[in-house]
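Below is one structure; the comments refer to it alone.
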Amino acid sequence: MSAPNSLFVRAAKAQLTERTPIWLMRQAGRYMAEYRAVRKQYSLIEICKKPKIAAQVTIEAAEILKVDAAIIFADLLLPLEVMGLPFHFAAGEGPKIEKPIRDVVDITRLRADRAADLGYVSEAVTLVCKHFGDRLPVIGFCGAPFTLASYMIEGGGSRNYIHTKKMMYSSPGAWNELMTKLVAVTAEYSADQVRAGADTIQIFDSWVGCLTVEDYRQYVLPHATALVQRLQKTGVPIVYFGTDSSTLLSSMQETGADVIGLDWRIPLDEGWKSLGYRGAVQGNLDPVLLFADWAELKSRAENILRQAGGRAGHIFNLGHGILPETPVENVKALCEFVRERSAEFKKTDRTLKLELGK
């Protein structure tokens, strides 16, 4: 860990902090002129594979916004390439898997021994950690087994996840083999980021909200838990985030993740209450509110701070990533507001400790 005593790390451990830390998913992106300038020279994948450029993009975004953590610039699908499943980005359509997997034969061909080939991401982590030292923590990340599996099977994004669910229901043995391989690759890949200096790992389960509670518990929870447990051996806090996951929160908590990310579809206080106020939570402003006028944006951000109630363990974030056309001035203003206003919501140590039963 490069910044173990930072606000972000302490909040992730549900420790008392003097104010609420803030960082934003996709804080380096097309809404920033600096990032657009880099994209004129390099494709997204080229940025990921050039550690100096990935580090530059990561650092610039964190410094411009004055956030409390820098998340390494990478793409969720990078592990697929080293497993033997090439992909590309289609203009305006997102990632496309060239040959989706559909049966056990395809899964058997997948490799789980080449995670080290993703070392360029860890090299970027090292550069960012060297730049910030203990001034700012660095977040590493990986895709969750279910979300990566759904990309591999569907061949890209999906509305109904028919092929993914068909494999779950009809070929549980093949499904388990696929998920086991994904856990092995993502665990090694993420642990390497920690060895490079990352202070935490966030697991993104972007598509898990398509599942019922029953399906999540049967087909996903054992594998997500295995990944969390392997990553916790690195000694850093683990954040587990899924979209449209309000019905799954208590089950996601069973993975043992230190922080549960909340999307904007559930009020933060209700989400935290459903978790028994155990552990930390991250979230959860609707990203589209960043397009609103300042009075509305400020009011909504303040409401989230009010819902958190000054409890230890709240990390302010969006309920998903920043959208491409977002006004950058609104993003800066939000970060400044949370830094200043959150301190006023923090209770005294004595009051908090009494509330937490300490």
Do any N or O atoms from the side chain of [X] and from the backbone of [Y] form a donor-acceptor pair under 3.5 angstrom?
{"X": "Arg114", "Y": "Val82", "answer": "yes"}
{"X": "Lys66", "Y": "Lys332", "answer": "no"}
{"X": "Asn176", "Y": "Pro172", "answer": "yes"}
{"X": "Asn317", "Y": "Asn284", "answer": "no"}

Which heavy-atom pair separates [X] from [Y] by the least distance, and what is that distance?
{"X": "Gly157", "Y": "Tyr151", "answer": "N-CE2, 4.0 Å"}
{"X": "Cys129", "Y": "Ala196", "answer": "SG-O, 4.1 Å"}
{"X": "Tyr216", "Y": "Ala224", "answer": "OH-CB, 4.2 Å"}
{"X": "Leu285", "Y": "Leu297", "answer": "CD2-CD1, 3.7 Å"}
{"X": "Ile97", "Y": "Leu77", "answer": "CD1-CD1, 4.5 Å"}
{"X": "Ser274", "Y": "Leu249", "answer": "OG-CD1, 4.0 Å"}

Examine [X] and [Y] and state if one hydrophobic cluster contains both, with Ile, Leu, Val, Met, Phe, Trp and Tyr joined whenever side-chain heavy atoms are less than 4.5 Å apart.
{"X": "Leu127", "Y": "Val57", "value": "no"}
{"X": "Trp264", "Y": "Met252", "value": "no"}
{"X": "Val288", "Y": "Ile322", "value": "no"}
{"X": "Trp294", "Y": "Leu323", "value": "no"}
{"X": "Leu65", "Y": "Val138", "value": "yes"}

Open item on the list: Classify the ring geometry of Phe204 against Phe141: parallel below 30°, tilted from 30° to 60°, perpendicular beyond 60°.
Closed with: perpendicular

Open item on the list: Please verify the inter-ring angle class for Tyr219 with Tyr169; under 30° counts as parallel, over 60° as perpendicular, anything in between as tilted.
Closed with: perpendicular

[atom2] on [Y] to [atom1] on [X], rounded to 0.5 Å:
{"X": "Leu290", "Y": "Asn330", "atom1": "CG", "atom2": "CG", "answer": "6.5 Å"}
{"X": "Lys13", "Y": "Thr200", "atom1": "NZ", "atom2": "OG1", "answer": "9.5 Å"}
{"X": "Leu44", "Y": "Asp75", "atom1": "CG", "atom2": "CG", "answer": "5.5 Å"}

- [ ] Check whether the side chains of Trp23 and Gln282 place a donor and an acceptor atom closer than 3.5 Å, and report yes or no.
- [x]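 Yes, because at least one side-chain N or O of Trp23 sits under 3.5 Å from a partner of the opposite role on Gln282.
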
TODO: For the residue pair Asp134 and Ser6, confirm or rule out a side-chain donor-acceptor distance under 3.5 Å.
DONE: no

Task: side-chain hydrogen bond (donor to acceptor under 3.5 Å, both in side chains) evaluation trace for Ser251 with Arg217 - done: CA-CA 7 Å; Ser251 296; Arg217 297 188 65 82; 3.0 Å; yes

Task: Check against salt bridge (Lys or Arg N to Asp or Glu O under 4.0 Å), Arg265 and Asp244 - done: CA-CA 7 Å; Arg265 296 174 179 87; Asp244 208 7; 3.6 Å; yes

Task: Trace of the side chain to side chain contact (heavy atoms under 4.5 Å, CB included) decision for Val220 with Leu211 - done: CA-CA 9 Å; Val220 177; Leu211 298 176; 3.5 Å; yes

Task: Residues, nucleotides or ligands: over 12 heavy atoms within 6.0 Å of Lys165 NZ - done: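 Counting neighbours around NZ of Lys165, more than 12 heavy atoms of other residues, nucleotides or ligands fall under 6.0 Å, so yes.
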
Task: salt bridge (Lys or Arg N to Asp or Glu O under 4.0 Å) partner of Glu302, the single match among Arg306, Arg300, Lys298 - done: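 It is Arg306; the other options fail the test.
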
- [ ] Please lay out, stage by stage, how Arg19 and Asp68 fare under the test salt bridge (Lys or Arg N to Asp or Glu O under 4.0 Å).
- [x] CA-CA 11 Å; Arg19 64 172 177 82; Asp68 294 302; 2.7 Å; yes

Task: salt bridge (Lys or Arg N to Asp or Glu O under 4.0 Å) assessment of Glu344 paired with Arg341 - done: CA-CA 6 Å; Glu344 301 173 25; Arg341 188 75 174 99; 2.4 Å; yes

TODO: Taking the six-membered ring for Trp and the single ring otherwise, decide whether the centroids of Phe73 and Tyr35 are under 6.0 Å apart.
DONE: yes

